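Note that the coordinates shown come from a computational prediction; the quantities given were computed from them, not determined experimentally. All chains are named by letter (A, B, ...) in the order of the sequence lines, taking the proteins before the strands, and each is independently numbered beginning at 1.
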Amino acid sequence: MGESSDEGTDASVLESLSADRRNKRDALAREGIDPYPVRFDRTATAAELHRRHDGLDPDVRTGDQVRMAGRLTSIRGHGKLSFATLQDVTGSVQLLMQATTLTEQATAVLANLDLGDWVGAEGEAVTSRRGELSVDVTDLHLLSKALRPLPDKWHGLAATDTRYRQREIDLLANPESRRVFDIRFNTIASLRRQLVAEDFVEVDTPILQPQAGGALARPFLTHANALDIDLSLRIAPELYLKRLVVGGYERVFEIARNFRNEGVDTRHSPEFTALEAYRAFGDVHDGMDLTERLVIEAARSAAGRLTFTVGGRDVDLAGPWPRRPLLDWLEQVVGRRLHPSDPVEEVRAVCDAHGVGTLPEWGSGKLIFELYDTVLLPTVTDPVFVVGFPVEVSPLARHSKDDPMLADRFELAIDAKEFANGYSELNIPEEQQQRFVGQAEAVARGDLEAHPADLAFVRALEYGLPPTSGIGIGVDRLVMLIAEVEAIRDVILFPMMRPEASA
RNA sequence: GCGCCCCUAGCUCAACGGUAGAGCAGCAGAUUCUUAAUCUGCAGGUUCCUGGGUUCGAGUCCGGGGGGGCGCACCA
């Protein structure tokens, strides 16, 4: 927001609201009540209390003495009787506070309470006359003071930049935001659980790399002072993971934060999360099988269903998902069989006819890929595996046994977006070397996104990479689908933003 | 990068170019069954910043700057 806001110059209102809260805190301290106690022993969460006592008649005393802790989200003073809502990680429970039965300390704390304060409450589980499960509080502890007022309890927090910059209050004020991130973490937990169950080992590989490989993208650059060398932030963990397979880890995966120095929009974040998994002795078909299992089970586990609606479009994840050869599908749509071996001018003409923008240095394979990306992909809603991509745009994938210009590679398309990618890994060192040379020529032509030659990787292949199936899944996009949100920023806790105005 | 839109009280939002308002939150009071509690009263503002003008008058219209959103292009 405005910027003269540091230094306390804009001050007035917020300052006085905070001053009130500060004064209450200090008042308690003067009465000998520590406003920042070091610990509190909780004996029950809100969910546990509801589990134990839901369904009781009104005005019942259970005899169950509990100590609850959480944040105060609502206070309804009623003279000598007050109601409050205490919210913890599991849910919320009502506090019922009667002046006649509160301890002296509880009375003092209650008098100096504000919305947003962390409190610990001791008392008996009862139901109110209206039948709501409540804690009939006898003692009350301030656990930490909220010196700043929370957003509107009913309308929540709507200002988008505040939601992203101060995610903590977005989570506090907007249950919807909390729901989305619960789904995110459940999704990731499910992916991890499944892979571990299938004997994959979770590993971690370098984020700072001498050269960023494993994908085609512009990297972020940085510098290591100790070695006086330039480094890139990784754009994909692929090459290191395959080196681990060379080293004998037959099944590995990494849930990797990747960094790409490219556009920021609803579907792209410079910092995003990918799952990559490699499995020795498998091929591209095993990769598709694994991808389908992982995605379906993640959706079931995190959302409890397989149908989702995003932006008015219905997506059904129920399998098995169709597998469509790219060239067949393209033929149906453009009315002509294309192949990477076709003369560039002819493929380019098809691109022109379908309004696909091209660059002069692109070969037939790249042009075919662009046709897929801009003509075919946007028509997808339910999941489809597209198989058989030009080798020209797949520098790390094995060529197909019966067509050396096509790679044994799939992309998983859902809702007009690429969700996953995978292939039979190229494990022939000389061919990998040759592919890198081809990419180097692209660099020479000015292509900023060609794959750099990685000699350490080729050397690793020379020690022998077994036949290997590899997959990569875009975790953020998967979460967007399962949580039914349209902006990638809504599934990333702290998305990249310009810094707030400096003091 | 280009185009369109937005920025008003702590929060959510009003104000044909005409004295900046409401709800919630806050403060004071009433209230032992509320749960968006209710009732009475009070207070709360450099309208993101900055400069100029149609002019008597700018939150509103124009220029510059800042932040954000959406769309297009590149990308996953």
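Atom CD1 of A:Ile75 and atom P of B:A37 are 11 Å apart (whole Å). Atom CG of A:Leu115 and atom P of B:U35 are 16 Å apart (whole Å). The nearest whole Å value for the distance from the CG atom in A:Asp161 to the C1' atom in B:C11 is 14 Å. The distance between atom CH2 of A:Trp362 and atom C1' of B:C74, rounded to the nearest whole Å, is 9 Å. One atom, CG of A:Leu96, and another, P of B:C33, lie 10 Å apart when rounded to the nearest Å. Between the C1' atom of B:U38 and the CZ atom of A:Phe83 lies a distance of 13 Å, rounded to the nearest Å. Taking atom CG of A:Asp114 as the reference point, atom P of B:A25 lies 12 Å away to the nearest angstrom. Protein atom NZ of A:Lys80 is 8 Å distant from nucleotide atom P of B:A30, rounded to whole Å.
Contact of the A:Phe494 side chain with the A:Arg165 side chain is not registered, since no non-hydrogen atoms from C-beta on lie closer than 4.5 Å.
A donor-acceptor contact under 3.5 Å links the side chain of A:Thr100 to the base of B:U32. In this model, a side-chain donor or acceptor of A:Asp152 finds a partner on the base of B:G23 within 3.5 Å.
Of the nucleotides present, B:G3 is the one that pairs with B:C70 by Watson-Crick or G-U wobble criteria, both distances under 3.5 Å. Within the shown strands, B:G21 is the pairing partner of B:C13 under the Watson-Crick or G-U definition, both distances less than 3.5 Å. Under the Watson-Crick or G-U wobble criterion, with both distances below 3.5 Å, B:U31 has no partner in any strand shown. With a cut-off of 3.5 Å on both pairing distances, the Watson-Crick or G-U wobble partner of B:C42 is B:G26. Across all strands shown, B:A37 has no partner, as no Watson-Crick or G-U wobble contact with both distances under 3.5 Å is found. Nucleotide B:U60 forms a pair with no other nucleotide shown, judged by Watson-Crick or G-U wobble geometry with both contacts under 3.5 Å.
The pair A:Glu276-A:Lys242 fails the salt-bridge criterion, with no side-chain N (NZ, NE, NH1 or NH2) lying under 4.0 Å from an Asp/Glu carboxylate O. No salt bridge links A:Arg71 with A:Asp117; every basic N to acidic carboxylate O contact stays at or beyond 4.0 Å. Classification of A:Asp289 and A:Arg323 as a salt-bridged pair holds, one side-chain N sitting under 4.0 Å from a carboxylate O.
Contact check, A:His78 against B:C33: a side-chain N or O comes under 4.0 Å of OP1 or OP2. Between A:Arg260 and B:C74 there is no side-chain N or O to OP1 or OP2 distance below 4.0 Å. In this model, the phosphate group of B:G68 is approached by a side-chain N or O of A:Arg498 to a distance below 4.0 Å at OP1 or OP2. In this model, the phosphate group of B:C33 is not approached by any side-chain N or O of A:Ser134 to a distance below 4.0 Å at OP1 or OP2. Phosphate proximity of B:G26 to A:Lys153: absent, as no side-chain N or O sits under 4.0 Å from OP1 or OP2.
Using C1' as the reference atom, B:A25 and B:G10 are 7 Å apart when rounded to the nearest Å. Using P as the reference atom, B:C61 and B:C5 are 11 Å apart when rounded to the nearest Å. Here, B:G45 and B:C11 have their P atoms 14 Å apart, quoted to the whole Å. Taking the P atom of each, B:U46 and B:A37 are spaced 29 Å apart, rounded to whole Å. B:U55 and B:G18: their C1' atoms are spaced 13 Å apart (whole Å). Nucleotides B:G23 and B:A43, compared at atom C1', are 16 Å apart to the nearest Å. To the nearest whole angstrom, the two P atoms, one in B:C39 and one in B:G53, are 49 Å apart. Taking the P atom of each, B:U19 and B:G57 are spaced 15 Å apart, rounded to whole Å.
Comparing atom distances between the A:Glu418 side chain and each of B:U32, B:A76, B:C70 picks out B:A76 as nearest. Closest to the A:Glu132 side chain, of the nucleotides B:U12, B:G26, B:U35, is B:U35. The side chain of A:Arg129 has B:U32 as its nearest neighbour among B:A76, B:U32, B:G67. Comparing B:G10, B:U12, B:G68 against the side chain of A:Thr160 picks out B:G68 as the nearest.
At the heavy-atom level, A:Phe272 lies under 4.0 Å from base atoms of the strands shown. Note on A:Gly77: a base of the nucleic acid sits closer than 4.0 angstrom, heavy atoms only. Looking at heavy-atom distances under 4.0 Å, A:Asp265 makes contact with a base. Backbone-only contact: A:Ser74 has heavy atoms under 4.0 Å from sugar-phosphate atoms and none from a base. Counting non-hydrogen atoms under 4.0 angstrom, A:Ala84 reaches nothing in the nucleic acid.
Place A:Pro151 and A:Leu113 on RNA chain B by their nearest nucleotides, and A:Pro151 ends up nearer the 5' end.
In this structure a side-chain-to-backbone donor-acceptor pair under 3.5 Å is missing from A:Gln166 to A:Arg163. Looking only at distances, no side-chain donor or acceptor of A:Asn421 sits under 3.5 Å from a matching main-chain atom of A:Glu411.
In this structure, A:Arg409 is positioned above the aromatic face of A:Phe389, its NZ or CZ under 6.0 Å from the six-membered ring centre and within 45° of the axis.
By the 30° and 60° cut-offs, the orientation of the rings of A:His78 relative to A:Phe83 is perpendicular.
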